[in-house]
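Report on the following structure.
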Amino acid sequence: MRLYDTLTAQKRDFAPLGDEVKMYVCGITPYSPSHVGHAMSYVYFDVLRRWLEAKGWKVRHVQNFTDIDDKIIDRAQREGLTARELADRYIAEYFEDMDALNVQRAHVYPRATESIGLMIEIIVRLIERGHAYVSQGDVYFRVLSAKGYGKLSHRTLEGMMAGARVEPDPGKEHPMDFALWKAAKPGEPWWDSPWGKGRPGWHIECSAMSIHYLGETLDIHGGGQDLIFPHHENEIAQSEAYTGKEPFVRWWVHNGLLRLGLDKMSKSLGNLITIKEALARFSPDALRLFFLSSHYRSPLTWSEEGVASAERALERLRSALRDGPGPANAPSFDASSFASRFAQSMDDDLNTPQALASLFDLAREINRAREGGANVAGAQGVLRHLAGILGLTLQEPVKADLTARPFIELLIEVRGELRKMRQYALADRIRSRLMDMGIALEDTPQGTRWRPLE
RNA sequence: GGCAACGUAGCCAAGAGGCCUAAGGCGGAGGUCUGCAAAACCUCUAUUCGCCGGUUCGAAUCCGGCCGUCGCCUCCA
């Protein structure tokens with residue numbers, strides 16, 4: 001499989017260094033509900049993992065929670081909670097959202113606050129080696145000591161300074177130096193350290209947790225494109241300075257960002273749709289299909305119409321599985337060419353839009369073959385399997401209230417009798433009234449079928 | 001200001017030198033089936049890939065310029 005690496009800016013044939021794929025994905029800061037931009041990112045990484053697994057690799061997937069930072073502290077104080085309580089709440093919500101979206105759980109979900117000891121160890125070593133220095137209870141990473149600082153984000157220190165938005169900080173040797181450890185301010189949560197009471201900076205946690213759970217060299221490190229600078233750039237600097245090993249990460253994988261209107265959807269801008277809001281209106285499959293119909297590295301603009309059109313498209317896929325496979329002794333058709341097209345697309349840097357195209361072609365072929373009297377059991381199995389790699393369940397929506405079921409069936413029965421008696425006006429009225437209530441009827445040679453509309 | 005990315009049908013979105021007289025989805029038009037519908041299936045829906053030049057036997061794909069959009073440079077998936 002060819003996979004794009006942000007560091008080298010090229011697609012390269014992917015293979016893990018060891019016998020399992022070590023994959024670290026940057027998780028959320030749990031201080032508010034997750035939004036559909038997060039959903040998109042984690043769906044992409046979920047598909048990447050599923051595809052690697054489908055190809056026979058064992059994947060060890062670690063994803064952190066940044067459960068201590070300025071925003072968590074602020075928010076917790078405003079709500080009269082501890083930072084821990086606030087984080088717990090949004091972590092629980094995050095899991096609900098991801099489970100609903102059929103995102104596989106990572107193997108480990110380390111939390112920053114549970115890895116403070118590790119971070120301190122790393123910081124101590126960085127200071128010993130001259131890569132970091134203490135300044136009034138804070139500890140900063142010495143950016144000039146890292147060779148190739150800027151290599152991930154493809155910029156130079158001079159270039160960054162040119163932005164002129166970096167304000168020199170009297171405590172820092174260089175304006176781009178970043179905090180590894182921050183001295184505690186009154187009222188903030190703190191941990192003891194060789195430099196006094198304080199808490200970790202943002203970037204150090206990911207180095208500590210990824211090295212601890214996966215080792216000094218990762219195969220894949222992922223996150224949104226907005227993490228490239230400074231977060232991942234700094235992670236490389238400190239990790240490589242600490243371990244002395246290069247590269248820290250063999251494939252940096254970054255997804256394009258979700259936009260709302262013309263802007264990036266983000267918590268700080270406040271222009272967001274939460275995952276719960278989206279799931280109240282659309283099926284998890286539709287959201288996944290909407291995301292996956294665009295390549296993971298491209299930006300995507302959130303659009304209700306877009307998700308709605310994915311919802312309708314999904315119907316085509318579902319309908320290919322809805323009807324039985326046809327006569328058992330009838331000739332069946334070979335769906336393997338669709339599977340190999342799918343694989344080819346996925347192998348090319350996870351080209352899900354192209355992979356989806358082969359799924360839609362397969363669905364059409366199944367419907368056509370079945371109409372032609374062929375047995376499509378095998379092909380349906382292929383479709384189900386490939387869709388599963390994309391995390392699509394293709395399950396029928398089950399919104400209809402179970403208590404309404406016998407009444408719907410009774411109406412269908414009565415309507416059937418009316419049709420036999422050619423009382424079409426009445427029969428059509430039943431159908432259209434049910435439609436108004438969100439129940440669609442379809443007359444087939446095998447009888448009348450009903451399904452709830454989304 | 002610096003560094004990137006992108007601009008393909010009504011909409012979304014693949015394709016990155018000849019297989020492109022450009023996938024797939026949504027929408028639209030016509031048809032098959034049906035009592036009529038729905039669903040499904042069939043046909044059609046970009047002679048053209050922001051604009052202008054250039055390279056090449058050949059460019060949506062490479063190069064240059066221009067216009068437009070967006071991202072990062074500050075917390076962010």
Side-chain angles (χ1 to χ4, degrees), chain A residues 6 9 25-29 31 34-45 66 69-71 150 153-156 158-167 176 202 222-231 233 254-259 262-269 272 289-290 293-295 297-301 303 305-320 322-323 341 345 348 351-361 363-372 419 422-425 427-428 431-432 435 440-445 448-451:
Chain A
T6 307
V25 179
C26 275
I28 54 158
T29 302
Y31 71 93
S34 299
H35 59 72
V36 285
H38 298 115
M40 179 172 94
S41 183
Y42 296 118
V43 162
Y44 288 142
F45 286 103
T66 302
D69 90 322
D70 292 346
K71 293 202 170 118
S153 48
H154 302 110
R155 60 187 89 182
T156 59
E158 300 75 67
M160 294 181 223
M161 301 301 297
R165 267 196 274 173
V166 275
E167 285 167 36
M176 295 307 292
W202 175 31
Q225 273 168 359
D226 51 353
L227 296 182
I228 294 173
F229 192 91
H231 187 50
E233 191 69 61
H254 292 105
N255 63 273
L257 302 176
L258 189 65
R259 303 200 284 236
L262 288 180
D263 297 308
K264 175 178 89 167
M265 186 177 292
S266 80
K267 289 188 185 179
S268 38
L269 292 175
L272 49 81
L289 187 62
F290 173 69
S293 60
S294 159
H295 185 83
R297 284 195 283 118
S298 304
L300 179 64
T301 302
S303 128
E305 302 74 53
V307 190
S309 100
E311 196 80 76
R312 288 187 289 272
L314 220 38
E315 264 306 300
R316 293 255 323 280
L317 259 24
R318 291 187 188 124
S319 79
R322 192 137 54 211
D323 287 308
R341 257 176 70 199
S345 303
D348 182 16
N351 192 332
T352 53
Q354 215 167 60
L356 281 168
S358 57
L359 248 48
F360 281 101
D361 285 344
R364 174 180 296 115
E365 208 53 47
I366 288 172
N367 288 325
R368 193 194 325 213
R370 183 177 36 224
E371 282 181 13
R419 289 179 70 213
R422 304 185 150 281
Q423 302 277 337
Y424 293 123
D428 289 353
R431 183 173 63 196
S432 92
M435 178 64 95
L441 298 194
E442 292 168 14
D443 299 322
T444 76
T448 298
R449 175 165 62 199
W450 68 275
R451 64 191 168 87

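Lettering follows sequence order; numbering is per chain, from 1. Side chains are part of it too, since the values below use all heavy atoms of this structure and drop only hydrogens, waters and symmetry mates.
- In this structure, A:Phe290 atom CZ and B:A14 atom P are separated by 11 Å, rounded to whole Å.
- When the C1' atom of B:G2 is taken as reference, atom NE2 of A:His154 falls 15 Å away, rounded to whole Å.
- Pairing for B:G1 goes to B:C73, judged as Watson-Crick or G-U wobble with the two contacts each under 3.5 Å.
- Applying the Watson-Crick and G-U wobble criteria (two distances, each under 3.5 Å), B:C6 pairs with B:G68.
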If the sugar-phosphate is the primed atoms plus P, OP1 and OP2 and the base is the rest, what is the B/S/- string for nucleotides 29-38 of chain B, using protein heavy atoms under 4.0 Å? ------BBBB
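- Comparing the C1' positions of B:U8 and B:A59 gives a spacing of 14 Å, expressed to the nearest Å.
- In this structure, A:Glu233 and A:Met176 have side chains that are not in contact, with every pair of non-hydrogen atoms separated by 4.5 Å or more.
- For A:Arg364 and B:C42, the shortest distance from a side-chain N or O to OP1 or OP2 is below 4.0 Å.
- With P as the reference atom, B:U34 and B:G27 are 24 Å apart, rounded to whole Å.
- As judged by a 4.0 angstrom heavy-atom cut-off over every strand, A:Ser41 is placed among the base-contacting residues.
- A salt bridge links A:Arg368 to A:Glu365: at least one charged side-chain nitrogen sits closer than 4.0 Å to a carboxylate oxygen.
- The gap from the C1' atom of B:C12 to that of B:C62 amounts to 28 Å, rounded to the nearest Å.
- What separates CE of A:Met265 from P of B:G71 is a distance of 13 Å, to the nearest Å.
- When both pairing distances are held under 3.5 Å, B:C11 makes a Watson-Crick or G-U pair with B:G25.
- If you take atom C1' in B:C70 and the same atom in B:U61, they sit 22 Å apart, rounded to whole Å.
- Proximity of A:Arg322 to the phosphate of B:A39: no side-chain N or O atom is located under 4.0 Å from OP1 or OP2.
- For A:Arg155, no side-chain nitrogen or oxygen approaches OP1 or OP2 of B:A4 to under 4.0 Å.
- Within the 4.0 Å cut-off from OP1 or OP2 of B:A39, not a single side-chain nitrogen or oxygen of A:Arg318 is found.
- Between A:Lys264 and B:A77, a side-chain N or O to OP1/OP2 separation shorter than 4.0 Å is absent.
- Between the side chains of A:Arg364 and A:Asn367, not a single donor N or O lies within less than 3.5 Å of an accepting N or O.
- Nucleotides B:A38 and B:G30 have their P atoms positioned 12 Å apart, rounded to a whole Å.
- Between A:His35 and A:His38, the two ring planes are tilted [angle within 30° to 60°].
- Here the straight-line distance linking atom CZ of A:Arg431 with atom OG1 of A:Thr448 works out to 9.0 Å at 0.5 Å rounding.
- For B:C75 and B:C51, the P atoms lie 40 Å apart once the distance is rounded to whole Å.
- The distance from atom NE2 of A:His295 to atom P of B:A14 is 8 Å, rounded to the nearest whole Å.
- Atom NZ in A:Lys267 sits roughly 11 Å away from atom C1' in B:C75 (whole-Å rounding).
- Regarding A:Asp226, its CG atom lies at a distance of 13 Å from the C1' atom of B:C73, rounded to whole Å.
- Between the P atom of B:A23 and the CG atom of A:Leu359 lies a distance of 19 Å, rounded to the nearest Å.
- An OP1 or OP2 oxygen of B:C41 is reached within less than 4.0 angstrom by a side-chain nitrogen or oxygen of A:Asn367.
- B:G71 and B:A9 are spaced 27 Å apart, taking the C1' atom of each and rounding to whole Å.
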Which is it for A:Thr66 and A:His231 under the side-chain contact (heavy atoms from CB on, under 4.5 Å) test, yes or no, and what are the steps along the way? CA-CA 12 Å; A:Thr66 302; A:His231 187 50; over 6 Å; no
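- Between B:C63 and B:U45, the distance separating the two C1' atoms is 35 Å to the nearest Å.
- Not counting sequence neighbours, the partners of A:Arg155 by the side-chain contact (heavy atoms from CB on, under 4.5 Å) test are A:Ser153, A:Met160, A:Phe229.
- Contact annotation: A:Ser345 does not reach the phosphate of B:G15 (side-chain N/O to OP1 or OP2, under 4.0 Å).
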